[in-house]
Amino acid sequence: MAQLKMYRLFDTPIREYTLPEGYSFSHFVPGADVHAWCECLRGGNLIDSRTDEEAYRDEIVNFKDIVPENDIWFLDYNGEHIGTATSFVHSADNTGDMHQVGIKDGFKGKGLAKYLSYIVLKTLRDRGVKYVSLTTGEGRVPAVKSYLSAGFLPVEYDEGMEERWKNVLKMFDIDSIRMLNEDGSFYKVITKAE
């Protein structure tokens, strides 16, 4: 089954956040941070069945447009990497991508993903992309809720997407939302499932 796809258009203002005391952002250091990156993504992402090196190769190295030391962000707490997100630009069409977002066990459920969304969106806006895309599964309920709160909109791109999104809206008790076509244009307003 295809993942849910979401876009965030840049006519939507980016909500700015100030990190709480003890938190900071840092960039990935190739060779040194692979294990920490994987630890932030365990338990909810698709890396769990692979070794650290396999997951990093499959999810980062195999993407031609990702430059790890520029595009992988860490959210740190007192110097420890506790969350990650990747922000990169698709060179073929100048669209941005929010990729592999995760919070380390022990820090989940504290609302920290909004800081990762903020730094990714700010970075991609500064790079001048047309819009930011991401994919996720509807089973990742906190992630989907976080992305909707950050201004991402559902995309109609595969059979059954509209119905799946109507069920997501029902789950979050959201009456209606704009849905986009795969090219980023307006598709229609959808309402939650009955």
Side-chain angles (χ1 to χ4, degrees), residues 1-9 12 37-66 71-72 83-93 95-105 108-109 112-114 116-117 120-121 124 129-194:
M1 178 183 298
Q3 288 199 310
L4 299 176
K5 185 182 284 189
M6 303 176 82
Y7 290 169
R8 190 178 191 287
L9 306 176
T12 307
W37 176 80
C38 287
E39 286 301 304
C40 292
L41 294 169
R42 295 214 192 286
N45 285 340
L46 301 174
I47 70 161
D48 291 337
S49 63
R50 295 176 277 174
T51 67
D52 290 355
E53 292 74 23
E54 290 170 333
Y56 178 67
R57 181 196 65 232
D58 295 348
E59 301 300 332
I60 300 297
V61 175
N62 287 346
F63 282 75
K64 73 177 182 81
D65 292 325
I66 296 178
D71 297 336
I72 299 175
T84 189
T86 302
S87 59
F88 70 99
V89 178
H90 293 281
S91 58
D93 63 2
T95 59
D97 201 300
M98 183 184 300
H99 182 64
Q100 291 298 336
V101 179
I103 300 289
K104 191 174 181 178
D105 286 342
K108 292 179 180 179
L112 298 172
K114 68 185 173 204
L116 289 166
S117 291
V120 165
L121 294 173
L124 291 171
V129 300
K130 293 189 277 188
Y131 57 80
V132 177
S133 66
L134 62 82
T135 58
T136 191
E138 58 253 61
R140 295 190 65 222
V141 174
V144 174
K145 187 174 184 179
S146 173
Y147 299 142
L148 289 168
S149 296
F152 282 86
L153 299 172
V155 176
E156 171 60 53
Y157 82 104
D158 194 40
E159 188 175 326
M161 277 299 146
E162 185 175 333
E163 289 307 311
R164 289 170 64 192
W165 274 108
K166 286 181 175 190
N167 289 324
V168 168
L169 296 181
K170 181 179 181 179
M171 181 177 15
F172 295 130
D173 196 28
I174 298 171
D175 290 331
S176 64
I177 195 167
R178 290 184 311 149
M179 190 170 201
L180 305 174
N181 289 304
E182 196 165 16
D183 66 2
S185 64
F186 176 75
Y187 171 62
K188 69 187 213 182
V189 173
I190 60 170
T191 57
K192 67 183 175 184
E194 295 299 318

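Numbers here are sequence positions counted from 1. What you see below is based on every heavy atom in this structure, not just the backbone, and it leaves out hydrogens, waters and symmetry mates. Predicted model, so just to flag it, every value in this text is computed and none were measured.
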message: Under the rule for side-chain hydrogen bond (donor to acceptor under 3.5 Å, both in side chains), what residues qualify as partners of K130, not counting sequence neighbours?
response: none
Report all side-chain donor-acceptor pairs from residues 153-162 shorter than 3.5 Å, counting only partners two or more places apart or in another chain.
residue, atom, partner, partner atom, Å
E156, OE1, E162, N, 3.4
Y157, OH, Q3, O, 2.4
E162, OE1, Y187, OH, 3.0
E162, OE1, K188, NZ, 3.4
E162, OE2, K188, NZ, 3.0

message: The test is side-chain contact (heavy atoms from CB on, under 4.5 Å); show your working for E182 and Y7 and say whether it passes.
response: CA-CA 9 Å; E182 196 165 16; Y7 290 169; 3.6 Å; yes
- prompt: Taking C-beta and beyond as the side chain, do V129 and T95 meet within less than 4.5 Å on heavy atoms?
  reply: no
- request: Determine whether F172 and V144 make a side-chain contact, defined as any pair of heavy atoms from C-beta on separated by less than 4.5 Å.
  value: yes
message: Run the salt bridge (charged side-chain N to carboxylate O under 4.0 Å, His left out) test against D71 and tell me which residues pass, sequence neighbours left out.
response: R127
message: Taking salt bridge (charged side-chain N to carboxylate O under 4.0 Å, His left out) as the definition, give me every residue that meets it alongside D58, ordered by chain and number, with sequence neighbours left out.
response: R50
- prompt: Ignoring hydrogens and geometry, is there a side-chain-to-backbone donor-acceptor pair from S146 to P142 under 3.5 Å?
  reply: no
- prompt: Which atom names give the shortest non-hydrogen contact between S91 and D65, and what distance separates them?
  reply: OG-OD1, 2.9 Å
field: Residues that A85 engages under side-chain contact (heavy atoms from CB on, under 4.5 Å), provided they are two or more places apart
entry: V101, L116, V120
message: Rounded at 0.5 Å granularity, tell me how far CD in E163 sits from CD1 in I190.
response: 9.0 Å
query: To the nearest 0.5 Å, what is the distance between CE (M1) and CZ (R164)?
result: 5.0 Å
task: Measure the NZ-CD1 distance between K108 and I103 for me, rounded to the nearest 0.5 Å.
output: 8.5 Å
Sequence-distant partners of N62, side-chain hydrogen bond (donor to acceptor under 3.5 Å, both in side chains), two or more places apart: none
message: Applying salt bridge (charged side-chain N to carboxylate O under 4.0 Å, His left out), can you list everything that pairs with D93, at least two apart in sequence or on another chain?
response: none
- request: Show the numbers, then the answer: is there a side-chain contact (heavy atoms from CB on, under 4.5 Å) between L124 and V89?
  value: CA-CA 7 Å; L124 291 171; V89 178; 3.9 Å; yes
field: Gap separating the OG atom of S117 from the CG atom of L112, nearest 0.5 angstrom
entry: 11.5 Å
Shortest non-hydrogen separation from A143 to T136 and the atoms involved: CB-OG1, 4.4 Å
task: Check side-chain contact (heavy atoms from CB on, under 4.5 Å) between T191 and all other residues, then give those that pass, not counting sequence neighbours.
output: S176
task: Let me see the working for L180 and Y131 under side-chain contact (heavy atoms from CB on, under 4.5 Å), right down to the final yes or no.
output: CA-CA 12 Å; L180 305 174; Y131 57 80; over 6 Å; no
field: Straight-line distance of L9 CG to F186 CZ, nearest 0.5 Å
entry: 11.5 Å
task: Answer yes when R57 and E54 have at least one side-chain N-carboxylate O distance shorter than 4.0 Å, and no when they do not.
output: no
task: First locate atom CG of L4, then atom OG1 of T135, and finally report the distance between them rounded to the nearest 0.5 Å.
output: 9.0 Å
- prompt: So, R8 side chain and L121 main chain: donor-acceptor pair closer than 3.5 Å or not?
  reply: no
F152 and Y147 aromatic ring geometry - parallel, tilted or perpendicular at 30°/60° bounds: perpendicular
message: Suppose we screen for side-chain contact (heavy atoms from CB on, under 4.5 Å). Which residues come up paired with K114, at least two apart in sequence or across chains?
response: Y17
- prompt: Among all residues two or more places apart in sequence or in another chain, which pass the side-chain hydrogen bond (donor to acceptor under 3.5 Å, both in side chains) test with N167?
  reply: none
message: The criterion is side-chain hydrogen bond (donor to acceptor under 3.5 Å, both in side chains); which residues satisfy it with T84, sequence neighbours excluded?
response: none
Test item: F63 and T86 side chains (from C-beta on) under 4.5 Å apart, heavy atoms: no
- request: State which residues pass side-chain contact (heavy atoms from CB on, under 4.5 Å) with D183; sequence neighbours excluded, sorted by chain then number.
  value: N181, S185
- prompt: Does NZ in K192 sit with more than 12 non-hydrogen atoms of other residues, nucleotides or ligands closer than 6.0 Å?
  reply: yes
